[in-house]
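We name chains A, B, ... by the order of the sequence lines, and we start the count at 1 in each one.
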2 protein chains.
Amino acid sequence: MASTAYASHFPLQNIPFGIASSEKHPEPQAVTRLGDSVLFLASLAAHGLFSDVPDLPPGVFSRDVLNEFAALGRPLCQAVRLAIQELVRSRGTTGLPDDALEHVSAVTMHLPVHVGDFADFSCSLEHVKNAGRIIIHDERPPPAFFHLPIVYQGRASSVVVSGTPIERPMGQFRDTKTDGAADVVFGPSRAVDYELEFAAVVGKPLEMRKRLTAAEADDHIFGFVVLNDWSARDIQAFEMIPLGPANGKNLGTTISPWIVTLDALEPHRLPPPPRVVPVPRHLEDPDNGAYAVRMQVEVVTGSDVTVTGTSEVQSLYWTVRQMVAHIVSAGSALRTGDLLATGTVSGPGTGTHGCLLEATRGGAAPIRLVSGESRTYLEDGDVVRMTAVAGGPSSGVGWGDCLGQLLPARPYA
Amino acid sequence: MASTAYASHFPLQNIPFGIASSEKHPEPQAVTRLGDSVLFLASLAAHGLFSDVPDLPPGVFSRDVLNEFAALGRPLCQAVRLAIQELVRSRGTTGLPDDALEHVSAVTMHLPVHVGDFADFSCSLEHVKNAGRIIIHDERPPPAFFHLPIVYQGRASSVVVSGTPIERPMGQFRDTKTDGAADVVFGPSRAVDYELEFAAVVGKPLEMRKRLTAAEADDHIFGFVVLNDWSARDIQAFEMIPLGPANGKNLGTTISPWIVTLDALEPHRLPPPPRVVPVPRHLEDPDNGAYAVRMQVEVVTGSDVTVTGTSEVQSLYWTVRQMVAHIVSAGSALRTGDLLATGTVSGPGTGTHGCLLEATRGGAAPIRLVSGESRTYLEDGDVVRMTAVAGGPSSGVGWGDCLGQLLPARPYA
């Protein structure tokens, strides 16, 4: 499948971070991206181009994950990003050292961080209303929804980088017959879905039992990724009472290779939606804590691309700062590389749903693809591609893509 | 609080592994225990005492966690354990090099592994029946209970070693008035509980999307710990619909410092309880997959020790092998250091409950402590001590203790 051109996502105002390797740079290492070029930071550092950045540990860009860099905290990451911007402004990309620069088509992107804990929240009021209406015929949000950002822990070892194939999982679920009776069967899931999510990556860590309010949370956020929380709805529905989803979510969780920094998003802050009930002080987000980020998900079948949903991060009831403040409020630590995902980002109307469960009303209303085929859930071979742009199409702050292809189930031998 | 003497847990037939430091051995490193002595394995290795163990990587006992050692797989861990047993048999402890041996009172034990993912299961039929009866007045187990071992993911960064204080968490929960009305409040939890659990530690890793049956699971188990899944019942009850527990469990999860190997438990295998419904082939545990392990939990107040529950691992409906086979069945990886806990181990009668929720019937029947005080849930200052012994009191295979003291909540500044 041909990759989309995303040069417009990566002008000078973005400068995201990732991990890449190539023939010329065989060891996975820290990179940024500028248009269709990938810049290898250790090569820039070797030419002395970060000599004005104080306290930059030697070798920090040569690690195979960004954790050591991200742990240095926001001021240092800011300084590195500004130094890159200054360098390109003064020299142009043609003035950069040859050995630091490669075309995006020549590099392989890797998982950008070692993930400590992966917390997946449920911040979209529209998503919980839609899902409730479809699954239990009750659109009232869960009892705690307006009081705190509801969350469960995912399996960190299932987080993979964009491009990694995802396999239809085997599992147990109810097989409902036409007469309404249901057997529990074990086999390939018949209801593999995507979930369009936005996620924060933790930078500076926080020890257990330290207090942190939403107003202070930005100090611990390194940046943001687009995340596909692949879900096997049938496995999930059967297993999740009462302890929540597990194997229905463990088939894989795809993240974009590019981590867009908090600083790149700074111009795109917005106030979050008004509160329905007051929140405790540690959850108060005092200024514009939401982000104007438009997300999109496509189902790609062969050369046909069908946009199946677009939605906006600023519609979420809870902000990322509130997610961070909530998860630490009972004593949890934050470790560098921890992921905090928003849950499915959905809007109120047709075309704004972040998952097929909602878009097809639980299978009751299959969607039509550009190819003429229809879908209730994903078919083997389908590619799901997600992307996001902050603050409008010309902002220059985007994520490129977060994609994966669904492979057929492999039975047990 | 004086430590219990556990010399009888650690004769030659045990040889568990842990991580310790001391004045003489200031860097945390791999150890085993023999009676009241702690043996530093790097010191034994320096004297050439493992020269007959093939393929032992140099320095493997000098790491501050056991992961590298555990990842080597069962045959190598077996060989090391046998070499230690042979050494002590032939020389006696008095014949061991002085610099390798310290009294247990001179050492500090550390978290023995870096925990990747922490999966907490719900394997006890009695626990789910008791909890259901108390919470929703329905003792029928959850719909999936007999089909698969129900599980949720905990926060790996909350796992701490025995002795680490646990702080009463702040959180949101329902404050029910005498007239039945309930406000949602934010404050210190009023219902901090313990959960008596048994947990497997993963040794040899397994990549994502590899097939593994219960019959093959032992190859990936390094050993077992006693685990206290501290729980704030009020926070948990409010947050857990529909995605399961999160902050109600994140205050801390205590594990014993000693990992007892699969080999030490081998003589204490038993058949698991009979199946209520047939299981898919990958969950079939072909031979004695249960362990005869008696667990005990005590509440210690000052110098008073009250045994609040004793229960047996062999009563669990699901075996550890089945837990492993289930969690990987949808594509999950196993990483060295992953924890898979059984959930609360409870029996059917008075005195056999692994948590206060059950022992006090949700607070309806407070228990009496030796001191004369009563408890519904834990009070600030209470120490919870858990222990376990395999195969009867004279088996020589025990875990020492797994303990923590509950500290008062610290309000936000």
Atom of Pro169(A), atom of Ala330(B) and distance for their closest heavy-atom approach
CB-O, 3.6 Å
Residue from Ile327(B), Val279(B), Val185(B), Val115(B) scoring the most non-hydrogen pairs under 4.5 Å with chain A is Ile327(B)
Mind ranking Ala144(A), Gly252(A), Gly154(A), Pro142(A) by heavy-atom pairs under 4.5 Å with chain B and telling me who comes out on top?
Ala144(A)
Under 4.5 Å to a heavy atom of chain B? For Pro149(A) that would be neither
Let me know if Pro141(B) has heavy atoms under 4.5 Å from chain A in its side chain, its backbone, both or neither.
neither
If I measure from the heavy atoms of chain A, does Phe238(B) come under 4.5 Å with its side chain, its backbone, both, or neither?
both
Contacting moiety of Ile135(A), where chain B heavy atoms sit under 4.5 Å:
neither
Enumerate the inter-chain donor-acceptor pairs under 3.5 Å for chain A and chain B, one line per pair.
| from | atom 1 | to | atom 2 | distance (Å) |
| --- | --- | --- | --- | --- |
| Asp117(A) | OD1 | Ala156(B) | N | 2.8 |
| Asp117(A) | OD2 | Ala156(B) | N | 3.4 |
| Asp117(A) | OD2 | Ser157(B) | N | 2.9 |
| Asp117(A) | OD2 | Ser157(B) | OG | 3.1 |
| His147(A) | O | Gln172(B) | NE2 | 2.9 |
| Gln153(A) | OE1 | Arg155(B) | NH1 | 3.2 |
| Arg155(A) | NE | Ser332(B) | OG | 3.3 |
| Arg155(A) | NH1 | Gln153(B) | OE1 | 3.2 |
| Arg155(A) | NH2 | Ala333(B) | O | 3.1 |
| Arg155(A) | NH2 | Asp338(B) | OD2 | 3.2 |
| Ala156(A) | N | Asp117(B) | OD1 | 2.8 |
| Ala156(A) | N | Asp117(B) | OD2 | 3.4 |
| Ser157(A) | N | Asp117(B) | OD2 | 2.9 |
| Ser157(A) | OG | Asp117(B) | OD2 | 3.1 |
| Pro165(A) | O | Arg209(B) | NH1 | 3.1 |
| Gln172(A) | NE2 | His147(B) | O | 2.9 |
| Arg209(A) | O | Arg410(B) | NH2 | 2.3 |
| Arg209(A) | NH1 | Pro165(B) | O | 3.1 |
| Arg211(A) | NE | Arg410(B) | O | 3.1 |
| Arg211(A) | NH2 | Arg410(B) | O | 2.4 |
| Asn247(A) | ND2 | His326(B) | O | 2.8 |
| Asn247(A) | ND2 | His326(B) | NE2 | 3.3 |
| Asn247(A) | ND2 | Ser329(B) | OG | 3.3 |
| Asn250(A) | ND2 | Ser332(B) | OG | 3.4 |
| Arg281(A) | NH2 | Ala413(B) | O | 3.1 |
| His326(A) | O | Asn247(B) | ND2 | 2.8 |
| His326(A) | NE2 | Asn247(B) | ND2 | 3.3 |
| Ser329(A) | OG | Asn247(B) | ND2 | 3.3 |
| Ser332(A) | OG | Arg155(B) | NE | 3.3 |
| Ser332(A) | OG | Asn250(B) | ND2 | 3.4 |
| Ala333(A) | O | Arg155(B) | NH2 | 3.1 |
| Asp338(A) | OD2 | Arg155(B) | NH2 | 3.2 |
| Arg410(A) | O | Arg211(B) | NE | 3.1 |
| Arg410(A) | O | Arg211(B) | NH2 | 2.4 |
| Arg410(A) | NH2 | Arg209(B) | O | 2.3 |
| Ala413(A) | O | Arg281(B) | NH2 | 3.0 |

At a heavy-atom separation under 4.5 Å, does Pro280(A) approach chain B through its side chain, its backbone, both, or neither?
side chain
Evaluation steps, side chain to side chain contact (heavy atoms under 4.5 Å, CB included), between Ile150(A) and Met240(B):
CA-CA 8 Å; Ile150(A) 291 174; Met240(B) 76 182 283; over 6 Å; no
Side chain, backbone, both or neither: which part of Leu407(B) has an atom under 4.5 Å from a heavy atom of chain A?
neither
Select, from Gly171(B), Gly331(B), Pro242(B), the one with the greatest count of heavy-atom pairs under 4.5 Å involving chain A.
Pro242(B)
Gap separating the CG atom of Leu283(B) from the CZ atom of Phe186(A), nearest 0.5 angstrom:
7.0 Å
Quick check on Met170(A) against chain B: is it the side chain, the backbone, both or neither that has a heavy atom closer than 4.5 Å?
both
Tell me, side chain or backbone of Val160(B) under 4.5 Å from chain A's heavy atoms, or both, or neither?
side chain
Counting heavy-atom pairs under 4.5 angstrom with chain A, the leader among Gly116(B), Gly244(B), Gly248(B), Ala409(B) is Gly244(B)
Inter-residue atom distance Ile241(A).CD1 - Phe145(B).CZ, 0.5 Å rounding:
15.0 Å
Which answer fits Leu212(B), side chain, backbone, both or neither, if we ask what part of it has an atom under 4.5 Å from a heavy atom of chain A?
backbone
Cut-off 4.5 Å, heavy atoms of chain B, and the answer for Val128(A) is neither
Value for CG (Leu148(B)) from CZ (Phe173(A)), rounded to nearest 0.5 Å, stands at 12.5 Å
